[in-house]
Structures are given as structure tokens and as C-alpha cells.
Amino acid sequence: GIAKPSFLSRQFDGDLSGPASRKMSLFVDYSYRRQDDQGLVNATVLNSQFLAMPLMQNAPMPNTRISASPRVDYQLTSNVILGGRFTFVRTTNDNVGVGQFTLPIAGTNASSNNYSAQGTATWVVNNSAVNETRFQMTRSNTTTSGNNQAPGINVAGAFTGGAAAIGNAFLNQSVYEIQNYTTITRGTHLIRFGARVRGSLQDTGTDQNFNGTFYFASIAAYSAMLAGVAQGLAWSQIVANGGEAFQYAVATGTPLASARVVDAAPFFQDDWRLRPNFTLSLGARYEIQDHIADKADISPRAGIAWGIGKR
């Protein structure tokens with residue numbers, strides 16, 4: 001018999017925080033996790049004599065996750081505070097998809113790296129005005145690669161081998177965003193205005209099934225094909241012996257695609273407290289992006305807040 005698939009998980013977490021000076025504080029956290037999992041393969045394959053034989057094995061399927069995130073806050077002046085944070089996360093997964101009829105040779109390895117940087121600046125202009133500036137950048141890189149680059153083999157009721165169907169693929173995404181908001185109080189008015197500018201970039205590519213996949217109706221048909229090739233038989237003889245794939249599928253085309261979008265959105269809003277229990281809100285937002293020809297995207301806004309009843 002075959003041993004029961006094992007599972008082992010290890011995890012470590014830690015953080016460190018405290019003041020670095022009278023004006024600066026630091027915080028750092030770190031996490032590591034690894035899981036050693038296994039997939040049970042229960043298939044039918046051919047031996048060196050092209051005879052069908054059962055295959056039962058445990059295939060390792062480890063995965064890991066690592067993350068780290070430092071943060072710093074700094075009081076630049078008595079009325080200006082700066083903050084910054086960076087986050088990194090990496091994950092890996094090996095032999096994805098392996099198990100049952102799918103052999104380890106047809107598995108895929110996947111990994112992703114995610115980065116995020118954030119910065120803030122808060123300026124208390126005076127007793128009635130505050131200005132905030134925020135910046136954020138995120139980037140993610142995801143890749144998937146097959147364990148084998150040969151054509152795929154799919155034998156009904158027996159096994160799936162050869163190249164992984166998903167092939168090699170990647171997805172890279174980046175988003176940049178900056179915001180600036182100002183809040184002012186003037187008597188019974190609370191005025192807010194500012195703008196946001198954002199850019200998004202994406203590149204993706206995949207060669208899924210670019211190597212093609214042969215489909216066989218049975219393990220006997222696959223055996224007849226391999227035996228005929230080894231014996232040097234003509235293709236017509238191999239077909240007459242039942243050694244022909246009933247289908248061959250292959251993908252072609254342009255595997256790469258890219259997209260770029262930039263948008264901006266300035267706004268203005270006034271919350272006017274007409275009565276202690278009644279506030280009228282009026283404002284407008286103007287939105288624009290480079291992928292839309294129509295530039296007249298003005299969005300007026302109006303609202304009321306009414307506190308019903310006595311306090």
C-alpha cells in the first residue's frame with residue numbers, strides 16, 4: 001500500500017515597535033509560513049513494455065508565504081506629521097494541480113510578489129484648516145510556469161501528463177495614486193476640496209496550450225501508438241492497430257496584452273449647517289480619464305442631514 005499523504009505546517013510571526021526618538025516612532029512586523037502538503041496520484045500509466053500498470057504516489061505540494069511591513073511616523077514640525085509604510089508579500093505554490101489522474105510532470109509552479117508603499121503628510125494650517133496629502137503605490141507580479149514544455153497527453157480514465165495545460169503565464173499590475181484634500185471650517189460651513197490622480201498599468205501574457213494536447217480515448221490506444229512508433233511501423237499501421245489520438249488541440253495567437261489608464265478627479269463640497277439639527281450639503285466632482293473621449297463628466301451632488309426629534 002501507499003502511505004497516507006503527510007501534512008506539515010510551520011509558522012513564525014513577530015513584530016517590533018517603539019519610539020526611535022522624541023519625534024519618530026517605528027513599527028515592523030514579519031510573518032513566515034510554510035506548508036508541506038502532498039497530492040495523491042492514482043492513475044494508470046505504461047511500463048517499459050507499453051503495458052498498463054497502476055501508479056499510486058504522493059507528490060509534494062509545498063507552499064510558502066512571507067510578509068514584512070515596516071512603518072514610520074515622524075513629527076516634522078509642531079503642525080506637520082509625516083507617515084510612511086511599506087509592505088511586501090511573497091507566496092509560492094509548487095506542483096499546483098497534481099493529484100488523481102494528473103501526474104507531477106503536468107503540474108505548475110506559481111509565485112507572486114506584492115509590494116505596497118504608502119506615504120501621508122498632515123498639515124494643520126491653523127485652527128480652522130487642515131491639509132492632507134496621501135500617496136500610494138502598489139505593484140504585483142504573478143508568474144505561473146509548467147513543470148514540462150512538451151505537448152500535453154490526456155488519456156481518458158488513465159492519466160494526464162506532458163505539459164501543464166496552463167503553460168507559462170504572467171500578470172504584472174501597477175497602480176499609482178496621489179490625493180490632496182483640504183478641510184476648512186468657516187462659521188456654520190465645513191468646506192472640503194481637493195483632487196485625486198491615479199494611474200493603472202497592466203501587462204499580461206500566457207501561452208496556454210501553445211504546445212498542443214493529444215487526447216486518447218483509452219490507455220490501450222495510447223499504448224498502441226507508443227508501441228507502433230517504437231517498432232517503426234508506418235502511421236497507417238499504427239492507426240489500423242487503434243493507436244491514434246482522437247483529438248489534437250493547440251492554441252495560437254498573440255499571448256501578450258497591455259493596458260494603461262490615467263484618471264483624475266477634483267472635487268468641492270460645502271456642508272452648511274443651517275440649523276442645529278439640519279445640514280445642507282452641496283458639491284461637485286469632475287472626473288476625467290485618458291481612455292474616454294467624453295471629457296464633460298461633471299457629477300453634482302446634493303444632500304441633507306436632518307436630526308428628527310429633540311435631544
Side-chain angles (χ1 to χ4, degrees), residues 1-8 35-64 91-112 142-171 205-253 255:
I2 188 171
K4 180 181 178 181
S6 62
F7 177 82
L8 176 63
Q35 293 179 335
D36 291 325
D37 203 354
Q38 291 188 332
L40 176 62
V41 176
N42 185 8
T44 301
V45 297
L46 299 177
N47 60 20
S48 57
Q49 284 76 42
F50 308 115
L51 299 177
M53 59 172 287
L55 174 66
M56 293 188 65
Q57 70 176 83
N58 292 321
M61 302 175 63
N63 64 83
T64 62
T91 61
T92 63
N93 293 272
D94 293 346
N95 283 337
V96 178
V98 174
Q100 294 298 317
F101 289 157
T102 303
L103 305 181
I105 196 174
T108 58
N109 299 325
S111 66
S112 67
T142 302
T143 60
T144 302
S145 59
N147 292 336
N148 189 288
Q149 301 304 313
I153 304 294
N154 189 307
V155 181
F159 73 89
T160 298
I166 196 172
N168 296 321
F170 72 89
L171 175 62
T206 177
D207 58 3
Q208 181 174 351
N209 205 34
F210 269 44
N211 292 334
T213 301
F214 292 93
Y215 293 87
F216 291 86
S218 65
I219 191 69
Y222 183 58
S223 175
M225 187 274 294
L226 290 185
V229 171
Q231 296 169 13
L233 299 180
W235 182 247
S236 58
Q237 293 177 288
I238 295 177
V239 173
N241 293 337
E244 183 181 21
F246 71 87
Q247 181 180 349
Y248 174 71
V250 64
T252 61

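- When all heavy atoms are compared, the tightest approach of Pro255 to Phe210 is CB-CZ, 4.1 Å.
- Closest non-hydrogen pair, Pro151 versus Asn211, comes out as CB-O, 3.6 Å.
- Among pairs with a residue in residues 210-234, none fulfils salt bridge (charged side-chain N to carboxylate O under 4.0 Å, His left out), at least two apart in sequence or across chains.
- With sequence neighbours excluded, the residues forming a side chain to side chain donor-acceptor pair (under 3.5 Å) with Thr64 are Thr92, listed by chain and number.
- The ring pair (Phe, Tyr, Trp, His ring centres under 6.0 Å) check on Tyr222 picks up Phe159, Phe216, with sequence neighbours excluded.
- Checking Thr144, Asn109, Thr108 one by one against Val96, the side-chain contact (heavy atoms from CB on, under 4.5 Å) holds for a single residue, Thr108.
- The minimum heavy-atom distance linking Met61 with Gln38 is given by the pair SD-C, 3.9 Å.
- Residues satisfying the side-chain contact (heavy atoms from CB on, under 4.5 Å) criterion with Ala227, sequence neighbours excluded, are Phe50, Gln231.
- Nearest approach of Ala158 to Ala43, heavy atoms of both residues: O-CB, 3.1 Å.
- Contact detail for Ala52 and Ile219: the closest heavy-atom pair is CB-CG1, 4.2 Å.
- Summarising the geometry, atom CD1 belonging to Ile153 is positioned 6.5 Å from atom CZ belonging to Phe214; distances are rounded to the nearest 0.5 Å.
- Under the rule for a side chain to side chain donor-acceptor pair (under 3.5 Å), the partners of Thr91 that lie at least two apart in sequence or sit in another chain are Ser112.
- Separation of atoms CG (Leu51) and CG (Leu46) is listed at 8.0 Å; rounding is to 0.5 Å.
- The OG atom of Ser145 lies 10.5 Å from the CG atom of Asp207; values are rounded to the nearest 0.5 Å.
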With a cut-off of 3.5 Å and sequence neighbours excluded, list every side-chain donor-acceptor pair involving residues 238-252.
from	atom 1	to	atom 2	distance (Å)
Asn241	ND2	Gln237	O	3.3

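- Residues satisfying the side-chain contact (heavy atoms from CB on, under 4.5 Å) criterion with Asn154, sequence neighbours excluded, are Thr160, Thr213, Tyr215.
- Between atom CD of residue Gln208 and atom CG of residue Asn168 there is a gap of 11.0 Å, rounded to the nearest 0.5 Å.
- Between Val41 and Ala59, the closest heavy-atom pair is CG2-CB, 4.4 Å.
- Distance alone, capped at 3.5 Å, places no donor-acceptor pair between the Asn95 side chain and the Pro62 backbone.
- Among pairs with a residue in residues 36-61, those fulfilling salt bridge (charged side-chain N to carboxylate O under 4.0 Å, His left out) read Arg10-Asp36, Arg34-Asp36, at least two apart in sequence or across chains.
- Using a 4.5 Å heavy-atom threshold, the side chains of Asp94 and Pro60 count as separate.
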